[in-house]
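Working notes, beginning with the structure itself.
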Amino acid sequence: MKVYQTQDIRNIAIIGGNRTGKTTLGETMAFHGGVISRRGTVEDKNTLSDYREVELERQQSIQSSMLYSEFENTKFNMIDCPGFDDFVGEVIGALRVADTAVMVINAQNGVDVGAETQWRWTKKMNKPVLFVVNQLDHEKANFDETLRELKHNFGGSVMPLQYPVNAGVGFDSVVDLLQMKLLKFPVGGGKMVVEDIPASEADKAEEMHAALIEAAAENDETLMDKFFEEGTLSEDEMMKGLKLGVINRGTFPVVCIAAKTDQGVDRMMQIIKGNCPTPAEVAPAKTINGEDIVCDSTGNTVAYVWKTAVDKFGDVAYMKIYAGEMTEAMDVLNTNPSTKERISQILCFAGQKRENVEKACAGDIVATIKLKGTGASQTLVKNGDAQVEKTVYPDPKFRTAVRAKNASDEEKLGAILNTMRKSDLTFLMEQSKELKQTIISGQGEQHLNIVKWMIEKLNKIEVEYYAPKIPYRETITKSSEAMYRHKKQSGGSGQFGEVHMLIEPYFDGMPNQTKYPIRDTQSYDLAWGGKLIYNNCIVGGAIDARFMPAILKGIMEKMEEGPLTGSYARDIVVNIYDGKMHPVDSNELAFKLAGRNAFKDAFKKANPKILEPIYDVEVFVPSDRMGDVMTDLQGRRGVVMGMDSEGEFQKIRAKVPLAEMNKYSTTLSSITSGRASYEMKFAEYQQVPADVQAAVIQKYEEENKEEE
């Protein structure tokens, strides 16, 4: 493969809902670039994308696939993305390095939930969008209705560059509003035929062409002035205005294709080449310090690893070169952590097919193998210490506990989950000391079902999912006192320690309330949240100062396993005000046990309460399903905090206990026919209602009895 300069590169993410033909489109684009001599099909399981075993079995994209095509002296880097929201991390990673999002719409079904969800990500990430209406050769294709839905959902800036003359069975012609010609596409591919627009379409074409010129003029003041003066623009001026509009998200062009029969794809690629931005024409990437990284091949090499994967070639790192050039055998530095790497090869991937290139310039997306310690969201530089801003992924929405059916496989399971975490940044794994469970989290039930499939099918370990525990917190609501004497005599030196303590609830800004004089105060920010204030109020030497750390250790041990449910305790002031020692038998162990048990007794008398994690939940739901979603949230003890409109969607903001969010993604999909999506983020801890607390304590006691 030849070396392409920045201006000759187009980076696109092929996005859209499920079953819209994204994989088929990527296949056809690669075919037009000569990467393959024959196009595969999803049905025959021989496409460049969707080559992984799980994708072949399910006939759907699970991970993004890197493709390329060389077309009209331009290199197209294409990232074929999954359509399901459960795999949105793959879409976000692709959008991060793409310069244009090519959103594929099924002409049979119009705007679907996948398009609606992924549109929001293009908006968040400020990415240009080109709409591709696909499957126009299907008997149920309806371009006019699809265009209406696009404008209705995404705004009046959606502008058709083409429209079909004969959508449906027998489709082969579009009116191209840029060229103002009729284009005929032979079924199965072949050179398109350019003809004059027939008289029957002339008026419609002129009207839509005029609207396109006006839209182009609106993106540049100079062009707008000329449009007002002359009422039109030249073809070059129109193209300039449209490209500015695409770059600035002021125009969202629409083109027409039937990818499966290879109709219109070559013209679509010409439009991407002429109307979509080069890597140097979009907003520059930024460092973590907020500095711009100028996309220029003469600068210092800065490359961002946006994805890693393990395949038959080993560990593969996919990266975008934001500045400078990269060559084989080049030494680079991973700036976080600061480790040296050598670029052994520069590769362009098309699914499992790969090709070496001797050099890659600024703006290109390439891959390499055999990096020693570089993972996703890390930066490689030739000189200096620049770090590219990391990609922000959504917090997990679905969690479960997991264990190997064979206990001897537990260690191996942990290693497998850690490896998965490195290549999927929306998948989290935690071996929770608090819950005594291995907790995995992802974007939905299907996401974690795929994880289970991969563990069992590819790694041959049988696992089971089961209900995850809730990380409750325990605290107190009033003051109480307790004493405990630990005394043990079994021949020789015994054990003796007596501790008297007063405990109080802690809150920010609280005044000193203890009735005992404080000699020394220690404040601890607890690792699990909240505070412990430890006051030494001993007078007269009742307890020697050397035993105070042992008492604290006993208290901390009990706070790590709270008296009510075994959960962490927090926000407590402990005052040690009296006690007794024995000149021979007192030791640190005795006072640790005395402190532990005195704290336990005082805690139970201090009107203890359980706190539960509360999450901020945002649900994006069609207006006609809002009532059902609100009712369901209220049934989950959710408190609706507000609502906002986003086009045809409503955004419901609510606070919901984590205990009530188990399998919410599945329920939400069921009650909205898959049209709603949601995000959730930890907010705070709140007291649980009395009836819920009683049920939680009873369940904990029953489980402990069973274990005993």
Side-chain angles (χ1 to χ4, degrees), residues 433-436 471-488 495-507 510 512-539 542-582 585-611 685 687 693 696-697 700-701 704:
K433 174 186 173 184
E434 173 188 2
L435 304 178
K436 300 179 177 65
Y472 292 110
R473 298 288 181 263
E474 299 178 17
T475 193
I476 58 176
T477 59
K478 71 175 187 180
S479 302
S480 73
E481 294 188 44
M483 67 79 65
Y484 190 89
R485 176 183 295 167
H486 177 74
K487 184 176 181 181
K488 185 176 180 181
Q495 294 179 12
F496 183 88
E498 182 176 314
V499 172
H500 296 244
M501 72 172 62
L502 164 70
I503 66 173
E504 310 166 76
Y506 170 83
F507 56 89
M510 66 176 291
N512 177 22
Q513 301 178 84
T514 181
K515 57 188 177 183
Y516 301 105
I518 299 174
R519 294 180 56 199
D520 177 63
T521 295
Q522 298 176 49
S523 176
Y524 297 93
D525 291 318
L526 302 171
W528 52 86
K531 275 185 177 290
L532 167 67
I533 307 297
Y534 185 58
N535 291 329
N536 180 354
C537 304
I538 296 294
V539 292
I543 300 176
D544 196 277
R546 64 192 172 96
F547 293 130
M548 294 303 290
I551 297 171
L552 173 62
K553 186 175 181 180
I555 292 168
M556 288 294 285
E557 284 184 358
K558 199 58 197 171
M559 289 187 74
E560 288 190 21
E561 190 177 348
L564 300 181
T565 65
S567 304
Y568 291 137
R570 58 180 280 175
D571 296 329
I572 298 172
V573 179
V574 178
N575 304 281
I576 309 298
Y577 64 87
D578 201 359
K580 291 182 180 178
M581 298 183 297
H582 187 278
D585 294 343
S586 287
N587 55 35
E588 291 184 353
L589 177 60
F591 274 99
K592 185 185 82 167
L593 294 173
R596 176 188 172 96
N597 287 293
F599 178 80
K600 177 181 176 181
D601 293 345
F603 191 96
K604 289 186 173 180
K605 294 187 292 183
N607 194 22
K609 293 292 183 183
I610 297 174
L611 307 177
Y685 272 90
Q687 285 190 17
Q693 175 163 317
V696 170
I697 293 174
Y700 175 74
E701 291 173 348
N704 278 359

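Because only heavy atoms are used, hydrogens play no part in the values below, and waters and symmetry mates are left out as well, while side chains stay in. Here the structure is a predicted model, which means the values were calculated and not measured.
A pairwise comparison of heavy atoms in K580 and I543 identifies N-CG1, 4.3 Å as the closest pair. Contact record, F599 with I572: CZ-CD1, 3.8 Å, taken as the closest heavy-atom pair. Nearest heavy atoms, V573 versus Y506: CG2-CB, 3.9 Å. Between G595 and I555 the shortest heavy-atom distance is O-CG1, 3.9 Å.
With a 4.5 Å cut-off on side-chain heavy atoms, T565 and E701 do not count as touching. Residues K487 and Q495 form no side-chain contact, since every pair of their non-hydrogen atoms from C-beta on lies 4.5 Å or further apart. When side chains are defined from C-beta on, M483 does not count as touching V499, because their heavy atoms never get closer than 4.5 Å. Within the 4.5 Å cutoff, no side-chain heavy atoms of L564 are placed close to those of Y700. I610 places none of its side-chain heavy atoms less than 4.5 Å from the side chain of S567.
Defined by atom type and a distance below 3.5 Å, a donor-acceptor pair is missing between the side-chain atoms of E474 and Y472. For the residue pair E504 and N575, a side-chain donor N or O sits within less than 3.5 Å of a side-chain acceptor on the partner.
A search for side chain to side chain donor-acceptor pair (under 3.5 Å) contacts involving E498 returns R485, H500, not counting sequence neighbours. With sequence neighbours excluded, the residues forming a side chain to side chain contact (heavy atoms under 4.5 Å, CB included) with A542 are I538, D578, listed by chain and number. When the side chain to side chain donor-acceptor pair (under 3.5 Å) test is applied to Y568, no partner is found at least two apart in sequence or on another chain. In this structure P471 satisfies the side chain to side chain contact (heavy atoms under 4.5 Å, CB included) test together with R399, E434, L435, R473, P613, L658, Y685, sequence neighbours excluded. S586 pairs by the side chain to side chain contact (heavy atoms under 4.5 Å, CB included) definition with F496, F547, M581, H582, F591, not counting sequence neighbours. In this view, E588 satisfies the salt bridge (charged side-chain N to carboxylate O under 4.0 Å, His left out) rule with no residue, not counting sequence neighbours. Checked against side chain to side chain donor-acceptor pair (under 3.5 Å), Y534 has no partners two or more places apart in sequence or in another chain. The salt bridge (charged side-chain N to carboxylate O under 4.0 Å, His left out) search around D544 returns R546, not counting sequence neighbours. Applying the side chain to side chain contact (heavy atoms under 4.5 Å, CB included) test to S480 and every residue at least two apart in sequence or in another chain returns I503, A602, K605, A606. For Y577, the side chain to side chain donor-acceptor pair (under 3.5 Å) criterion is met by E481, not counting sequence neighbours.
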Could you walk me through whether Q687 and T477 pass side-chain contact (heavy atoms from CB on, under 4.5 Å), step by step? CA-CA 11 Å; Q687 285 190 17; T477 59; 3.7 Å; yes
Would L552 and M548 satisfy side-chain contact (heavy atoms from CB on, under 4.5 Å), going step by step from the backbone distance to the final call? CA-CA 6 Å; L552 173 62; M548 294 303 290; over 6 Å; no
Show, in sequence, the C-alpha distance, side-chain angles and deciding distance for N607 and I476, and conclude whether the side-chain contact (heavy atoms from CB on, under 4.5 Å) test is met. CA-CA 6 Å; N607 194 22; I476 58 176; over 6 Å; no
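If you take NZ on K600 and OH on Y484, they are separated by 9.0 Å, rounding to the nearest 0.5 Å. Atoms CG and NZ, from L589 and K488 in turn, are 8.0 Å apart once rounded to the nearest 0.5 Å.
Here salt bridge (charged side-chain N to carboxylate O under 4.0 Å, His left out) pairs that include residues 525-538, with residues two or more places apart or in two chains, are D525-K531. Identified under the salt bridge (charged side-chain N to carboxylate O under 4.0 Å, His left out) test for residues 549-577, with sequence neighbours left out: K433-E560, E557-K592, E557-R596.
For the side chain to side chain contact (heavy atoms under 4.5 Å, CB included) criterion with I518, the lone passing option out of N535, I533, N536 is N535.
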